[in-house]
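Read the structure below first, then the notes.
Chain letters run A, B, ... following the sequence lines, proteins first and then strands; every chain starts at 1. Predicted model only: the values in this text are computed from it and were never measured.
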Amino acid sequence: KAGVTQTPRYLIKTRGQQVTLSCSPISGHRSVSWYQQTPGQGLQFLFEYFSETQRNKGNFPGRFSGRQFSNSRSEMNVSTLELGDSALYLCASSLEGGPNYGYTFGSGTRLTVV
Amino acid sequence: GESVGLHLPTLSVQEGDNSIINCAYSNSASDYFIWYKQESGKGPQFIIDIRSNMDKRQGQRVTVLLNKTVKHLSLQIAATQPGDSAVYFCAENLNYGQNFVFGPGTRLSVLP
């Protein structure tokens, strides 16, 4: 079966711009979680969506937002980009979320803010 | 490939030897743990999991040990192979919550 697909793979944006990243989960998976990965902070949880509702949220500013569509595909948006937003953004899907065999991660979107 | 972590602790082992990667987790209430492997340019890949009512679980060439007394997890890889070279993360799930907290990671380097 197809894995988790994230697009685009690479992105370069200018400070102050906004960006939208996309994640298509494994077919049948209803939970999509987003993580930010940086060399300094490691993997940090952004938010989780389940059945089009944000179910859990990490400690990121309001510039980071997301949504989920009826087909479980998810997007995350970062507005007013800062240099520190440069990171690998990973999404992960699971059937129901929570402790059920963990996640399946996508390969990520590498965002560079210049 | 992309750098996962420039200053991660590194474990170097000879090909064929056993590897032990350690992780201290943060919350004594965590009840589910996973080890992930991340290769350059890829997302983390599930290796093995363990619930808090167990202290050991074995998979193919891998064993996870859980010591709840000292909040410590370890991942043992038998007969380490070049393809095992990657960054390894432990992750804990807090009280059946919907997100995992990841450790900082350890880079495993397999020497020929």
Side-chain angles (χ1 to χ4, degrees), chain A residues 3-6 9-11 21 23 25-26 30-51 53-60 66 68 86-112, chain B residues 1-10 23-27 29-54 57 59 62 64 66 73 75 86-107:
Chain A
V4 178
T5 303
Q6 290 188 248
R9 198 62 210 281
Y10 300 93
L11 208 49
L21 312 180
C23 172
I26 290 173
R30 296 197 292 164
S31 168
V32 174
S33 296
W34 289 88
Y35 284 81
Q36 181 196 65
Q37 186 174 34
T38 59
Q41 298 298 318
L43 274 154
Q44 292 188 292
F45 173 74
L46 282 156
F47 29 67
E48 187 239 0
Y49 284 86
F50 181 83
S51 292
T53 301
Q54 187 180 86
R55 190 161 64 169
N56 202 11
K57 188 177 187 301
N59 296 321
F60 278 81
Q68 187 179 34
S86 294
L88 180 67
Y89 290 88
L90 292 159
C91 87
S93 76
S94 66
L95 276 169
E96 300 284 337
N100 292 310
Y101 305 103
Y103 303 128
T104 300
F105 279 90
S107 293
T109 294
R110 170 72 59 183
L111 172 64
T112 302
Chain B
E2 294 97 356
S3 171
V4 170
L6 297 177
H7 304 293
L8 290 175
T10 298
C23 174
Y25 63 92
S26 61
N27 193 320
S30 293
D31 49 20
Y32 181 60
F33 306 87
I34 299 178
W35 279 100
Y36 284 94
K37 170 186 179 184
Q38 187 173 23
E39 297 173 280
S40 182
K42 297 183 180 179
Q45 177 188 2
F46 174 95
I47 301 173
I48 190 167
D49 61 353
I50 188 167
R51 297 193 183 276
S52 59
N53 60 352
M54 306 171 68
R57 189 155 190 239
V62 294
V64 55
L66 173 62
L73 272 171
L75 177 70
V87 176
Y88 289 81
F89 296 95
C90 68
E92 61 184 295
N93 187 267
L94 302 176
N95 286 330
Y96 272 59
Q98 305 309 318
N99 63 285
F100 285 84
V101 175
F102 284 78
T106 297
R107 187 181 306 280

With a 4.5 angstrom heavy-atom cut-off, could you sort out which part of B/P44 is near chain A: side chain, backbone, both or neither? both

Which portion of A/L90 sits near chain B, non-hydrogen atoms under 4.5 angstrom: side chain

Heavy-atom closest pair, residues A/Y35 and B/F100: OH-N, 3.0 Å

Is it true that, when you exclude B/N53 itself, more than 12 heavy atoms of the residues, nucleotides or ligands shown sit nearer than 6.0 Å to its CG? yes

Closest non-hydrogen atom pair, B/F46 against A/Y103: CB-O, 4.4 Å

